[in-house]
Enquirer: 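I have a structure I would like to understand better, so I am pasting it below and will then ask my questions one at a time.
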Amino acid sequence: MKADLVTRERIVFGDGAIMEIRTWRVPNKVPPSQHFLKYSLFYGRPGERLVGYDNERGKGDHRHYGSREESYQFVSIERLLTDFRQDVEAIRGEKI
């Protein structure tokens with residue numbers, strides 16, 4: 001299965017926090033997701049995830065927020081990135 005990279009962004013903040021966004025267009029859906037996108041969005045510090053969104057095979061679209069893991073309703077890549085950035089901004093207390 002060949003995946004085409006759509007988005008790759010990595011920011012290391014002055015306080016040591018890291019935000020990394022990676023999305024790929026894939027030829028087959030990643031079950032049980034119903035779209036042709038694979039993604040891994042991370043915000044945290046080394047060894048500590050504060051926010052994460054991904055669609056791991058078998059789990060589907062979901063997000064991690066602190067110690068919680070919950071289902072995420074994927075609508076579009078634009079909405080995914082907006083929701084993720086809003087979560088990061090809420091934790092950081094600033095616009096990024």
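Quick caveat: nothing in here was measured; it's all calculated off a predicted structure.
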Enquirer: Within the supplied structure, the quantity of interest is the number of heavy atoms (other residues, nucleotides, ligands) at a distance under 6.0 Å from Gln73 CD; does it exceed 12?
Expert: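 No, CD of Gln73 has 12 or fewer neighbouring heavy atoms, counting only those of other groups under 6.0 Å.
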Enquirer: Within the 4.5 Å heavy-atom criterion, are Thr7 and Ile77 side-chain neighbours or not?
Expert: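 Yes, their side chains come closer than 4.5 Å.
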Enquirer: Got a donor-acceptor contact below 3.5 angstrom from the Thr82 side chain to the Glu78 backbone?
Expert: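 A pair under 3.5 Å: yes.
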Enquirer: Is a salt bridge present between Glu56 and Lys38, judged by a nitrogen-to-oxygen distance below 4.0 Å?
Expert: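 Salt bridge absent between Glu56 and Lys38.
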Enquirer: Are any non-hydrogen side-chain atoms of Tyr72 and Asp54 less than 4.5 angstrom apart?
Expert: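 In short, these two side chains do not touch, never coming nearer than 4.5 Å.
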Enquirer: Is there a path of hydrophobic side-chain contacts, each under 4.5 Å between heavy atoms, that joins Val51 and Ile11?
Expert: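 Yes: a chain of side-chain contacts under 4.5 Å links Val51 to Ile11.
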Enquirer: Look up atom CD in Glu9 and atom CG in Leu81, then write down how far apart they are to the nearest 0.5 Å.
Expert: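 Answer rounded to 0.5 Å: 8.5 Å.
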Enquirer: Under the salt bridge (charged side-chain N to carboxylate O under 4.0 Å, His left out) rule, collect the residues that match up with Asp87, sequence neighbours excluded.
Expert: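 Here the qualifying residues are Arg63.
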Enquirer: Looking only at heavy atoms, which two atoms of Ser33 and Gly60 are closest? And how far apart?
Expert: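 So the two residues come closest at OG-CA, 3.8 Å.
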Enquirer: Test of understanding: clusters of I, L, V, M, F, W, Y form through side-chain heavy atoms closer than 4.5 Å, transitively. Do Ile18 and Tyr65 belong to the same one?
Expert: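 Hydrophobic grouping puts Ile18 apart from Tyr65.
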Enquirer: Taking C-beta and beyond as the side chain, do His62 and His64 meet within less than 4.5 Å on heavy atoms?
Expert: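 Heavy-atom side-chain distance check passes, below 4.5 Å.
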Enquirer: Can you give me every donor-acceptor pair (side chain of residues 40-47, partner residue at least two apart or in another chain, under 3.5 Å) with its distance?
Expert:
{"residue": "Ser40", "atom": "OG", "partner": "Arg22", "partner atom": "NH2", "Å": "3.4"}
{"residue": "Tyr43", "atom": "OH", "partner": "Arg92", "partner atom": "NH1", "Å": "2.9"}
{"residue": "Arg45", "atom": "NH2", "partner": "Asp15", "partner atom": "OD2", "Å": "3.4"}

Enquirer: Salt-bridge test for Arg85 and Asp83: reply yes if a basic N is under 4.0 Å from a carboxylate O, no otherwise.
Expert: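 So Arg85 does not pair with Asp83 through a salt bridge.
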Enquirer: Does any non-hydrogen side-chain atom of Phe13 lie less than 4.5 Å from one of Ile96?
Expert: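 SC-SC contact between Ile96 and Phe13 confirmed.
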Enquirer: Find out whether Leu37 and Val26 are in side-chain contact, i.e. whether some heavy atom of one side chain is under 4.5 Å from a heavy atom of the other.
Expert: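 With C-beta onward as the side chain, the pair stays apart.
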Enquirer: Is there a side chain to side chain contact (heavy atoms under 4.5 Å, CB included) between Arg10 and Met19 once you walk through the steps?
Expert: CA-CA 6 Å; Arg10 181 180 169 95; Met19 183 178 84; over 6 Å; no
Enquirer: Show me the pairs that pass ring-ring contact (aromatic ring centres under 6.0 Å, His included) and involve residues 18-37, at least two apart or across chains.
Expert: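 Every pair satisfying ring-ring contact (aromatic ring centres under 6.0 Å, His included) with a residue in residues 18-37: His35-Phe74.
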Enquirer: Indicate yes or no: at least one non-hydrogen side-chain atom of Tyr39 is less than 4.5 angstrom from one of Asp61.
Expert: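 Yes, close enough: below the 4.5 Å cut-off.
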Enquirer: Any link between Val30 and Val6 through a network of hydrophobic side chains (Ile, Leu, Val, Met, Phe, Trp, Tyr) touching at under 4.5 Å?
Expert: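 They do not share one cluster, since no chain of ILVMFWY contacts under 4.5 Å joins Val30 to Val6.
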